A.B. asks: 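Supplied in C-alpha cells, the structure appears directly below.
In this text the structure is predicted, and so the values were computed from the model without any measurement. Per chain, numbering begins at 1; letters A, B, ... match sequence-line order.
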Number of protein chains: 2
Amino acid sequence: MEYYLNIIKQNNLKLTLRRIAVIKLLLNEHRLFTVAEVRHRLKNDFSRVGLPTVYRILQQFREIGLVQTALSANDHLRYFICTSRKHDHHHFICSQCDRVYCLDYCQQNQIEKYIETELHARADYHYLQIVGLCEHCRLPKAQDSD
Amino acid sequence: MEYYLNIIKQNNLKLTLRRIAVIKLLLNEHRLFTVAEVRHRLKNDFSRVGLPTVYRILQQFREIGLVQTALSANDHLRYFICTSRKHDHHHFICSQCDRVYCLDYCQQNQIEKYIETELHARADYHYLQIVGLCEHCRLPKAQDSD
DNA sequence: CTCTAAACAGAAAAGATTTTCATTAACGGG
DNA sequence: CCCGTTAATGAAAATCTTTTCTGTTTAGAG
C-alpha cells in the first residue's frame with residue numbers, strides 16, 4: 001500500500017481521498033474493473049463522486065504505470081492493478097472471475113530475433129495477454145454451494 | 001478481394017457498396033485506421049456516409065474475424081485487415097507508419113505449460129501484439145526527401 | 001425484369017467519455 | 001496550526017459511440 005502511495009507522490013500527484021480509495025479497491029481485489037464499477041464502489045465512501053473524476057484517476061494511474069488496462073471480449077476497456085514491481089511484464093486473466101495474475105513469462109529476446117529474421121524489422125516491445133481459467137474457477141469446489 | 005467478399009456473404013451479410021468500399025480501403029493499406037479515418041475516406045465515394053454505419057461495418061467485420069482491432073498508445077481502438085488466413089495469429093505493428101504485418105510466431109503450447117506449472121491454471125488463448133519499426137521506417141532512405 | 005423478404009443505412013436520440021471552468025481540497029512554509 | 005499556492009473535483013457542456021426507428025437497398029425467386 002505504502003509503495004503505491006509513494007508512486008503517486010513521486011509523480012507529482014496529490015494523495016487525495018478518492019485516489020487512495022481507488023488504490024485500496026483495486027489492491028483488495030486483483031481483478032478487472034470497469035469505470036462504472038469503480039465509481040459504484042466509491043459511492044460507499046463518498047457522498048459525491050463524479051464520473052469524470054473516476055475516468056481521470058484511472059487514466060492518470062495508467063499513465064504512471066500504476067494500473068494497467070485490458071480489453072474485454074466486447075472491446076471495453078477495464079482497469080486492474082499490478083502487484084509485480086517489474087517494469088514490463090504480462091498478465092493472465094481468468095475469463096470467469098476476471099482475476100488478474102502477473103507473470104514472469106516473457107520472450108522479448110526470441111521475439112526480437114524472429115521479427116528481425118522474418119520482417120527485417122525491429123521489435124521494441126510487445127503486449128501479451130493470456131486468457132483462461134484460473135485455479136479457483138477451474139476446480140469445481142463441492143463445499144461452495146452458491 | 002474475392003476471398004473477403006465471400007467471407008461477408010458466408011456470414012449472411014449483404015454485399016453493400018459501403019462494405020465493399022471499406023474492404024478495398026483496408027486491403028489497399030495494411031495499417032491501422034480509426035473510425036473517423038475510414039469515414040473520411042468513404043466520403044470520396046459516397047455523398048452520404050453515416051458515422052453509425054462505419055461503426056457498424058467495422059464491428060461486424062470484427063465479429064466475423066474479417067478485421068481485427070488494436071489499441072493505440074492512448075488506448076484508442078483502431079481497425080485493420082488481416083491478410084493471413086490462419087484463424088489465430090498475431091501481428092507486428094509499426095509505431096511510425098501504423099502498418100500491420102501478420103505473423104506466424106505463436107507460443108501457445110509453451111504458454112499452456114507455463115500457466116499450468118506456475119498458476120495451476122488453464123490457458124485457453126492469448127493475444128500478442130508486437131510493436132516496433134518496420135523495414136521501411138527503420139532504414140532512412142536517402143532518395144525519399146519528404 | 002419484377003416482386004418480396006430480409007437486412008442495411010441515415011437521422012435522431014440515447015448513452016458513454018472527455019473537456020472546460022469555477023469551487024474545494026491537499027500540502028509545504030511559516 | 002494557519003495560510004497561500006497549486007492541483008483536484010464536480011457540474012455542465014462538448015464530443016464520441018451506440019441504439020432505435022423508418023425508409024431504402026440487396027438478393028433471390030419467379
A.B. asks: Kindly state whether the ring of A:His91 and the ring of A:Phe80 have centres lying under 6.0 angstrom apart.
C.D. replies: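 That pair passes the under 6.0 Å test.
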
A.B. asks: Please give, in whole Å, the distance from C:dA16 P to A:Leu58 CG?
C.D. replies: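 That distance rounds to 16 Å.
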
A.B. asks: Please enumerate all residues that pass side-chain contact (heavy atoms from CB on, under 4.5 Å) together with A:Lys113, with sequence neighbours excluded.
C.D. replies: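 Testing A:Lys113 for side-chain contact (heavy atoms from CB on, under 4.5 Å), a comparison that skips the adjacent residues, returns none.
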
A.B. asks: Name the pairs: protein N/O against N/O of nucleotides 26-30 of chain C, kept only if under 3.5 Å.
C.D. replies:
unit_1 : atom_1 : unit_2  : atom_2 : d
C:dA26 : N3     : A:Lys14 : NZ     : 3.4
C:dC27 : OP1    : A:Leu15 : N      : 2.8

A.B. asks: Which ILVMFWY residues are connected to B:Tyr127, directly or by a chain of links, through side-chain heavy atoms under 4.5 Å apart?
C.D. replies: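 Same cluster as B:Tyr127: A:Tyr127.
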
A.B. asks: Rounded to the nearest angstrom, tell me the gap between atom CZ in B:Arg18 and atom P in C:dC8.
C.D. replies: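 The distance from CZ of B:Arg18 to P of C:dC8 comes to 13 Å, rounded to the nearest Å.
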
A.B. asks: With the side chain counted from C-beta on, respond yes when A:Val54 and A:Phe33 share a heavy-atom pair under 4.5 Å apart, and no when they do not.
C.D. replies: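 No; the side chains remain at least 4.5 Å from each other.
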
A.B. asks: Please write out which residues are connected to B:Tyr125 in a hydrophobic cluster, directly or through intermediates, given that two of Ile, Leu, Val, Met, Phe, Trp, Tyr count as joined at side-chain heavy-atom separations below 4.5 angstrom.
C.D. replies: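 Same cluster as B:Tyr125: A:Val131.
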
A.B. asks: Answer yes or no: are there more than 12 heavy-atom neighbours, outside B:Asn74 itself, under 6.0 Å from its atom CG?
C.D. replies: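 Enclosed.
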
A.B. asks: Tabulate protein N/O versus nucleotide N/O from nucleotides 17-19 of chain C, keeping only pairs under 3.5 Å, one per line.
C.D. replies:
unit_1 : atom_1 : unit_2  : atom_2 : d
C:dT17 : OP2    : A:Tyr55 : OH     : 2.0
C:dT17 : O5'    : A:Tyr55 : OH     : 2.6
C:dT18 : OP1    : A:Gln59 : NE2    : 3.2
C:dT18 : OP2    : A:Gln59 : NE2    : 2.8

A.B. asks: Taking the side chain from B:Asn28 and the backbone from B:Lys24, do they hold a donor-acceptor pair closer than 3.5 Å?
C.D. replies: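 No, B:Asn28 side chain to B:Lys24 backbone: no donor-acceptor pair under 3.5 Å.
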
A.B. asks: Is there a donor-acceptor pair under 3.5 Å between the side chain of B:Glu37 and the backbone N or O of B:Thr34?
C.D. replies: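 Yes, because the side chain of B:Glu37 sits within donor-acceptor range (under 3.5 Å) of the backbone of B:Thr34.
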
A.B. asks: Contact boundaries of DNA chain D with chain A (under 4.0 Å, heavy atoms), 5' to 3'?
C.D. replies: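 Terminal contacting nucleotides, 5' to 3': D:dT6 to D:dA12.
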
A.B. asks: Calculate the interatomic distance between B:Asn11 atom CG and C:dC8 atom C1'; express it in whole Å.
C.D. replies: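 So the CG-C1' distance, B:Asn11 to C:dC8, works out to 16 Å.
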
A.B. asks: For B:Thr83 versus B:Tyr4, what's the shortest heavy-atom pair and its separation?
C.D. replies: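 So the minimum-distance heavy-atom pair works out to CA-OH, 3.4 Å.
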
A.B. asks: Check the side chains of B:Gln108 and B:His126 for a donor-acceptor pair under 3.5 angstrom, ignoring hydrogens and angles.
C.D. replies: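 Short answer, yes.
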
